Amino acid sequence: MEIDPFIFRLSIFILSIFIGYYVVWSVTPSLHTPLMSVTNAISSVIIVGAIIAGLAGNSDNIFTISNILGFLAISLAAVNIFGGFLVTQRMLQMYKKKKKIK
Amino acid sequence: MSANLSAIFYLISGVLFILALRGLSSPETSRQGNFFGILGMVIAITVTFFSVGSFSSGLIYVLIFLLIGGLIGAFIAYKIPMTAMPELVAGFHSLVGLSAVFVAISAFLNPEAFNLGSPGSIKLASLIEMSIGASVGAITFSGSIIAFLKLQGIMSGSPITFKGQHFFNALLLTSIIILTYLLCSTQSSNFFWMILVVSFLIGFLLIIPIGGADMPVVISMLNSYSGWAAAGIGFTLENSALIITGALVGSSGAILSYIMCKGMNRSFFNVILGGFGATEQSTSSVGKEQRPVKSGNAEDAAFLMKNASSVIIVPGYGMAVAQAQHALREMVDTLKKNDIKVTYAIHPVAGRMPGHMNVLLAEANVPYDEVFELEEINNDFANADVAFVIGANDVTNPAAKNDPQSPIYGMPVLDVEKCKSVLFVKRSLSPGYAGIDNDLFYKENTLMLFADAKKMTEDITKNL
């Protein structure tokens with residue numbers, strides 16, 4: 001009997017939870033806020049689904065509800081991606097400027 | 001682009017996201033990590049464009065909306081003050097939740113575009129995954145909105161509770177499962193909409209009973225939810241980048257919630273069920289008799305610190321509210337010029353989100369190797385001359401160690417009282433969020449400095 005592809009995806013999912021578990025425990029507590037903002041940014045990879053939704057359908061009618069929701073989701077996710085990565089960058093930049101003073 | 005090739009690229013971007021989190025294990029590697037994250041995102045987006053292949057005239061709109069969102073995001077990231085980071089993160093969570101909901105609806109209305117079957121006969125597994133994604137997304141959205149409003153102060157930070165709340169929530173959760181079952185067996189869109197409505201309601205009801213100071217747990221929890229929502233959608237779209245990311249973010253948020261709960265010695269359920277501050281308020285007002293308090297001014301504080309050889313600074317949420325981090329750094333610079341050793345002690349739940357204080361101190365150019373976590377520094381208080389508590393309260397309360405009756409008994413606290421003298425910058429004698437009186441205020445070696453944190457630190461600097 002063939003294995004359902006769902007099982008493979010489930011395997012990826014479960015293993016990723018374990019990876020996440022070990023990786024996040026090794027994050028230094030002083031970087032927990034950047035951790036939250038960067039996880040925020042990467043979870044917006046959901047934009048992938050939004051782009052598929054936005055590009056779906058034929059050229060005659062690109063304004064079905066499904067498309068429009070796709071467009072909106074693209075905007076929301078883009079706010080998060082740009083905002084998330086940039087604000088993380090801004091924060092991490094501040095952790096750099098050490099040692100200079102004294 | 002073939003499906004297999006794009007799947008490989010999605011896997012690569014998933015791996016890059018893992019490296020992005022891995023980079024955060026130390027400040028030195030963190031910026032490289034962030035770069036990996038950006039790279040992973042660029043790959044995922046590019047691959048998606050190529051895999052859709054036939055560009056309909058929708059492409060231009062996709063790019064326009066991408067640009068609009070990107071500009072807004074960049075603008076916010078550039079403008080936001082560091083003290084508003086908790087609100088920002090809560091706001092961003094709500095966007096992830098809402099876009100998950102939109103994608104799920106879109107997939108439900110137009111399943112062909114996602115290879116999920118046709119309307120009315122969507123694959124069973126997809127339907128379940130879609131419902132989970134949409135439901136968790138909706139909970140994340142409305143929950144984050146409430147968290148945002150509470151953090152922003154638009155909504156009162158005090159818990160809102162009503163009779164039968166937990167029963168009602170449990171009822172709603174059960175109804176989601178029933179609705180999902182009905183949706184799968186009938187394929188009727190009505191059930192799908194009902195799932196969404198009920199989920200929005202749950203998110204709302206879940207967060208309103210949680211008090212302002214429990215926000216670190218709430219934000220981490222919503223962080224986790226946004227991950228699970230993404231993973232749910234990832235299963236629907238059969239996209240490994242989304243599944244990996246969802247799992248990473250989901251476990252990351254869960255670990256942070258766990259760390260925050262441990263920092264308060266409370267179980268996760270205890271926090272979620274809420275109502276902490278509300279129940280304890282009454283006891284404190286009864287037991288409060290007038291006790292003598294020593295209060296001083298900036299000159300006294302400056303005198304004490306000038307004669308100290310080591311000072312430990314304990315920042316809390318009050319420092320963020322008063323935006324006192326820069327003034328504090330200036331004060332510390334002056335102290336250091338006088339050869340006084342200064343370190344910072346950070347309690348895990350200081351502030352309104354994990355790592356809140358660290359970011360503010362980093363913003364004020366405090367070198368991160370002077371900033372210590374509770375376990376690292378707690379033994380040093382006994383040898384320090386002055387503890388300078390600025391905007392923190394409950395996390396220093398000795399009642400957590402020696403009063404079994406206290407609601408915060410058992411919570412790990414900073415041993416501030418072991419210092420030779422304690423300076424407490426506070427606006428008034430009012431109890432902290434837990435509504436508990438702090439014995440430290442009345443101790444022989446405590447000097448209360450009643451003032452705005454920023455103004456007081458500036459005045460002390462002048463007197464040094």
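Naming: A, B, ... by sequence-line order, numbering from 1 per chain. The structure presented is a predicted model; accordingly, all values stated were derived computationally and were not measured.
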(request) Measure B:Val89 against the heavy atoms of chain A and call it side chain, backbone, both or neither at under 4.5 Å. (result) both

(request) Pick one of side chain, backbone, both or neither for B:Ala125, based on which atoms fall under 4.5 Å of a heavy atom in chain A. (result) neither

(request) Using non-hydrogen atoms and a 4.5 Å limit, figure out which bit of A:Val48 sits close to chain B: side chain, backbone, both or neither. (result) both

(message) Given heavy-atom pairs under 4.5 angstrom as the criterion, report whether the side chain, backbone, both or neither of A:Ile17 touches chain B.
(response) both

(request) Only one of B:Met353, B:Met82, B:Met357 passes side-chain contact (heavy atoms from CB on, under 4.5 Å) with A:Thr33; say which it is. (result) B:Met353

(request) Sort B:Leu21 into side chain, backbone, both or neither according to what part of it lies under 4.5 angstrom from a heavy atom of chain A. (result) both

(request) Select one option (side chain, backbone, both, neither) describing which atoms of B:Leu237 are under 4.5 Å from chain A's heavy atoms. (result) side chain

(request) Check each atom of B:Leu88 against the heavy atoms of chain A and say whether the ones under 4.5 Å are side chain, backbone, both or neither. (result) side chain

(message) Need one label for B:Leu11: side chain, backbone, both or neither, based on atoms under 4.5 Å from any heavy atom in chain A.
(response) neither

(request) Heavy-atom distances under 4.5 Å only: say whether A:Ile46 touches chain B with side chain, backbone, both or neither. (result) both

(message) Among A:Ile47, A:Ile19, A:Leu31, A:Leu86, which residue has the highest count of heavy-atom pairs closer than 4.5 Å to chain B?
(response) A:Leu31

(request) Specify whether A:Phe13 and B:Trp228 have parallel, tilted or perpendicular ring planes, treating 30° as the upper limit for parallel and 60° as the lower limit for perpendicular. (result) perpendicular

(request) Examine whether an atom of B:Leu66 lies under 4.5 Å from a heavy atom of chain A, and if so say whether it belongs to the side chain, the backbone or both; otherwise answer neither. (result) both

(message) Could you check whether atom CD1 of A:Ile65 has more than 12 heavy atoms from other residues, nucleotides or ligands sitting under 6.0 Å from it?
(response) no

(request) Under 4.5 Å heavy-atom distance to chain A, tell me which part of B:Thr245 shows up: side chain, backbone, both or neither. (result) side chain

(message) Please confirm whether the ring centroid of A:Phe82 lies under 6.0 Å from the ring centroid of B:Phe75.
(response) no

(message) Less than 4.5 Å to any heavy atom of chain A: does that hold for the side chain of B:Ser252, its backbone, both, or neither?
(response) both

(request) Anything under 30° is parallel, anything over 60° is perpendicular, the rest tilted; go ahead and classify B:Phe235 against A:Phe6. (result) tilted

(message) Counting heavy-atom pairs closer than 4.5 Å to chain B, which one of A:Val45, A:Ile74, A:Leu35 comes out on top?
(response) A:Val45

(message) Heavy-atom count check: over 12 atoms from other residues, nucleotides or ligands less than 6.0 Å from A:Ile3 CD1?
(response) no

(message) What part of B:Glu112 gets within 4.5 angstrom of chain A, counting heavy atoms only: side chain, backbone, both, or neither?
(response) neither

(message) Side chains of A:Asn40 and B:His93 only: does a donor on one sit below 3.5 Å from an acceptor on the other?
(response) yes

(message) Within a 6.0 Å radius of atom CZ on B:Arg22, are there more than 12 heavy atoms belonging to other residues, nucleotides or ligands?
(response) no

(message) Using heavy-atom distances under 4.5 Å, tell me whether B:Phe372 contacts chain A through its side chain, its backbone, both, or neither.
(response) neither

(request) Sort B:Tyr10 into side chain, backbone, both or neither according to what part of it lies under 4.5 angstrom from a heavy atom of chain A. (result) side chain

